[in-house]
Amino acid sequence: MRAALITRLDGPDAVQVADVDEPAGDDAVVIDVHAAGVAFPDALLTRGLYQYKPELPFSPGAEIAGVVRSAPADAHVAAGDRVLGLTMLSGGMAEVVALPADRVFKLPDAVSFEAGAGILFNDLTVQFALRTRGRLAQGETVLVHGAAGGIGTSALRLAPALGASRTIAVVSTEEKAEIARSAGASDVVLADGFRDAVKELTGGRGVDIVLDPVGGDRFTDSLRSLAVGGRLLVVGFTGGEIPTVKVNRLLLNNVDVVGAGWGAWSFSHPGYLAEQWAELEPLLASGAVAAPQPEVYPLEQAAEAIASLENRTAKGKVVLKLR
Ligand SMILES: NC(=O)c1ccc[n+]([C@@H]2O[C@H](COP(=O)([O-])OP(=O)(O)OC[C@H]3O[C@@H](n4cnc5c(N)ncnc54)[C@H](OP(=O)(O)O)[C@@H]3O)[C@@H](O)[C@H]2O)c1
């Protein structure tokens with residue numbers, strides 16, 4: 001089969017497309033992959049900078065959408081089913097994957113393979129962050145950093161269905177503002193000066209939740225943008241720098257900084273992924289949550305697709321088409 005392959009840790013440009021053996025399918029759901037999601041950890045994996053460090057050579061790719069080729073008799077999916085799946089966290093950018101049945105979910109008929117490949121990794125992270133860790137309540141306002149990225153557009157699509165009455169998107173450019181708007185943002189502000197813009201938009205009150213996949217030097221202004229009782233959800237560090245917190249700010253303003261590590265949570269909570277999908281699937285099937293509108297690259301351009309996340313040119317969710 002064809003697969004994107006990392007053979008050396010020299011960054012996205014070193015990602016090749018090569019012929020490799022198909023995975024063994026014993027006791028697993030074997031899936032013909034139609035599309036694979038690209039996420040920021042794939043860019044980190046190309047440089048050996050992610051906490052998870054597979055042995056070389058390996059294929060990146062945390063999520064896929066495709067058609068079941070074969071499945072164990074007791075699985076909840078069968079040959080021919082349209083599905084999406086999580087690799088946790090590599091191997092997805094390949095024509096065939098073999099996954100444990102509990103990481104495979106039925107793809108709603110209304111959702112294409114390309115859109116489907118952009119759902120699980122970000123939407124389940126965002127749902128976990130907003131609901132389980134962030135305690136999002138009906139009518140709250142959510143500020144989303146990196147709002148034109150994968151996690152960001154997911155947060156803008158999901159937050160209203162989970163109860164938010166307003167989303168404020170933070171982006172670096174006007175072009176990215178358009179992406180955030182089409183993902184459903186109520187308001188969009190530029191990263192430069194976002195604190196003053198948020199203060200003005202909220203009449204000085206601040207927001208209930210900040211969802212932050214960026215980190216870096218905007219962290220203190222994010223804390224200052226919280227309303228009393230607000231929560232800042234730490235999701236990632238695309239900005240590169242891991243911020244530090246002066247805890248007196250938490251005490252003085254009665255705000256929380258909350259870690260949101262979905263992968264670790266799902267590993268320590270068996271059945272959690274299925275619970276999450278049981279909530280998300282009807283929202284996607286009914287259109288209450290719109291499917292992602294990904295930027296699609298052919299497998300042959302895996303290197304460019306992954307590079308677009310590292311060099312910050314990605315527009316919304318990025319997906320590779322394999323079939
Ligand atoms: N906690 C979890 O369980 C979990 C799960 C999945 C992913 N993540 C993390 O979430 C983060 C976002 O992932 P993603 O797939 O959404 O990434 P993405 O699509 O590349 O989006 C990230 C956004 O970060 C912003 N950014 C700011 N500084 C940047 C820089 N120096 N380089 C690149 N981007 C920069 C960009 O927006 P602007 O240009 O508009 O600033 C970009 O749109 C990553 O750190 C990832 O590891 C965490």
Side-chain angles (χ1 to χ4, degrees), residues 11-12 36-47 49-52 60-63 86-89 92 117-134 143-158 168-181 183 185 188-194 211-219 222 232-243 258-269 272-273 276 292-295 305-319:
V38 183
F40 201 80
D42 296 312
L44 296 174
L45 281 169
T46 67
R47 296 193 186 277
L49 294 176
Y50 199 54
Q51 58 260 34
Y52 162 66
E63 59 186 331
L86 290 164
T87 64
M88 300 284 188
L89 280 164
I119 288 174
L120 288 177
F121 196 61
N122 295 328
D123 285 9
L124 298 187
T125 296
V126 164
Q127 184 199 33
F128 161 71
L130 290 178
R131 249 233 210 300
T132 303
R133 300 293 291 143
L143 180 142
V144 180
H145 282 297
I151 288 282
T153 48
S154 169
L156 295 173
R157 290 170 36 249
L158 254 68
I168 301 177
V170 182
V171 294
S172 58
T173 64
E174 289 296 346
E175 193 189 9
K176 289 191 177 186
E178 270 317 302
I179 294 159
R181 274 188 203 102
V188 186
V189 300
L190 291 176
D192 199 13
F194 80 90
L211 187 139
D212 185 14
V214 175
D217 56 10
R218 63 180 76 179
F219 196 81
S222 290
L232 195 170
L233 308 179
V234 178
V235 174
F237 310 104
T238 56
E241 186 200 323
I242 296 179
V258 184
W262 164 73
W265 188 276
S266 71
F267 283 126
S268 60
H269 292 73
Y272 185 71
L273 293 176
Q276 286 199 285
Q293 300 173 290
E295 200 179 13
I306 298 171
S308 75
L309 277 77
E310 187 182 72
N311 65 29
R312 218 169 161 175
T313 57
K315 299 181 191 78
K317 178 68 186 179
V318 175
V319 159

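First listed ligand is number 1; within each ligand, the first listed atom is number 1. Just so it is clear, the values below take in all heavy atoms, side chains as well, and ignore hydrogens, waters and symmetry mates.
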S.K.: For atom 6 (C) of ligand 1, which protein heavy atom lies nearest, and how many Å away is it?
M.R.: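 Its nearest protein heavy-atom neighbour is F121 CE2, 3.5 Å.
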S.K.: How close does the nearest protein non-hydrogen atom get to atom 23 (C) of ligand 1, and which residue and atom is it?
M.R.: G146 CA, 3.9 Å
S.K.: Are T153 and N122 side-chain neighbours, meaning at least one heavy-atom pair lies under 4.5 Å?
M.R.: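 A side-chain contact is absent here, since even the closest heavy-atom pair is not under 4.5 Å.
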S.K.: So does K315 get a backbone contact from the side chain of E295, meaning a donor-acceptor N/O pair under 3.5 Å?
M.R.: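 Answer holds: yes.
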S.K.: What protein heavy atom sits nearest atom 25 (C) of ligand 1, and how far away is it?
M.R.: T238 OG1, 3.6 Å
S.K.: Out of K176, E295, K315, who is nearest to atom 36 (C) of ligand 1 when you count heavy atoms only?
M.R.: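 It is K176 whose heavy atom sits nearest to atom 36 (C) of ligand 1.
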S.K.: Yes or no on side chain to side chain contact (heavy atoms under 4.5 Å, CB included) for V234 and F219, after CA distance, side-chain angles and deciding distance?
M.R.: CA-CA 10 Å; V234 178; F219 196 81; 4.1 Å; yes
S.K.: Mark up the atoms of ligand 1 that fall under 4.0 Å of a heavy atom belonging to T125, in ascending order.
M.R.: 2 (C), 3 (O), 4 (C), 5 (C), 6 (C)
S.K.: Looking only at distances, please establish whether an N/O atom of ligand 1 is found under 3.5 Å from an N/O atom of G152.
M.R.: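 N/O-N/O distance under 3.5 Å: no.
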S.K.: Step by step, work out the side chain to side chain contact (heavy atoms under 4.5 Å, CB included) result for I179 and V171.
M.R.: CA-CA 9 Å; I179 294 159; V171 294; over 6 Å; no
S.K.: Does any N or O atom in I151 lie less than 3.5 angstrom from one in ligand 1, N or O only?
M.R.: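 Yes, I151 has an N/O under 3.5 Å of an N/O on ligand 1.
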S.K.: Just to confirm my output: which protein heavy-atom neighbour is closest to atom 1 (N) of ligand 1, and how far is it?
M.R.: A260 O, 2.7 Å
S.K.: Taking 4.0 angstrom as the limit and counting only heavy atoms of G236, give me the atoms of ligand 1 inside it, by number and element.
M.R.: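 Those qualifying, in numeric order: 45 (O).
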S.K.: Does some non-hydrogen atom of P41 fall short of 4.0 Å from ligand 1?
M.R.: yes
S.K.: To the nearest 0.5 angstrom, please state how far the CG atom of L44 sits from the CD atom of E310.
M.R.: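 Reported value, rounded in 0.5 Å steps: 8.0 Å.
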S.K.: Considering heavy atoms of the protein only, find what lies nearest to atom 21 (O) of ligand 1 and give residue, atom and distance to 0.1 Å.
M.R.: G149 CA, 3.4 Å
S.K.: Which of these passes side-chain contact (heavy atoms from CB on, under 4.5 Å) with D212: V235, V144, L233, L232?
M.R.: L232
S.K.: Polar-atom distance check: F40 versus ligand 1, any N or O pair below 3.5 Å?
M.R.: yes
S.K.: So if I count the atoms of ligand 1 from 1 in the order they appear, which ones are less than 4.0 Å from some heavy atom of P213?
M.R.: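 Those of ligand 1 that fall under 4.0 Å from P213 are 10 (O), 11 (C), 12 (C), 45 (O).
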S.K.: List every atom of ligand 1 that sits less than 4.0 Å from any heavy atom of W262, numbering the atoms from 1 in the order shown and giving each element.
M.R.: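 Result: 2 (C), 3 (O).
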S.K.: About how many Å separate CG of L190 and NZ of K176, when rounded to the nearest 0.5 Å?
M.R.: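 Result: 11.5 Å between the selected atoms.
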S.K.: What is the nearest protein non-hydrogen atom to atom 41 (O) of ligand 1, stated with its residue, atom name and distance?
M.R.: R312 NH2, 3.0 Å
S.K.: Ion pair present between D123 and R157, side-chain N to carboxylate O less than 4.0 angstrom?
M.R.: yes
S.K.: Starting from atom 45 (O) of ligand 1, find the nearest protein heavy-atom neighbour and note its residue, name and distance.
M.R.: F237 N, 3.3 Å
S.K.: List ligand 1 atoms under 4.0 Å from A39, heavy atoms only on the residue side.
M.R.: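 Per the distance check, 15 (O).
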S.K.: Does A314 reach ligand 1, in the sense of a heavy atom lying below 4.0 Å from it?
M.R.: no
S.K.: Any idea which atoms of ligand 1 are less than 4.0 Å away from a heavy-atom of V214?
M.R.: 24 (O), 25 (C), 27 (C)
S.K.: Any chance you could measure L309, atom CG, to T46, atom OG1, to the nearest 0.5 Å?
M.R.: 10.5 Å
S.K.: If the plane angle is over 60° it's perpendicular, under 30° parallel, otherwise tilted; pick one for F128 and W265.
M.R.: tilted
S.K.: Report yes or no: does G261 have a heavy atom closer than 4.0 Å to ligand 1?
M.R.: yes
S.K.: State whether the shortest distance between N or O atoms of G150 and N or O atoms of ligand 1 falls below 3.5 angstrom.
M.R.: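 In this structure, G150 places an N or O atom under 3.5 Å from an N or O of ligand 1.
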S.K.: Give the residue, atom name and distance (to 0.1 Å) of the protein heavy atom nearest atom 9 (C) of ligand 1.
M.R.: V235 O, 3.6 Å
S.K.: Would you compute the distance between atom CD of Q276 and atom OG1 of T125 and round it to the nearest 0.5 angstrom?
M.R.: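 Output value for this atom pair is 8.0 Å.
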S.K.: Could you list which atoms of ligand 1 come closer than 4.0 Å to a heavy atom of S172?
M.R.: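 Every atom of ligand 1 under 4.0 Å from some heavy atom of S172: 38 (P), 39 (O), 40 (O), 41 (O).
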S.K.: State the CZ-CG distance between R131 and L158, to the nearest 0.5 angstrom.
M.R.: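 The CG atom of L158 is 9.5 Å from CZ of R131, to the nearest 0.5 Å.
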S.K.: Between F40 and I151, is there a side-chain heavy-atom distance shorter than 4.5 Å?
M.R.: no
S.K.: Roughly how far, to the nearest 0.5 Å, is the CG atom of L143 from the CZ atom of F194?
M.R.: 6.5 Å
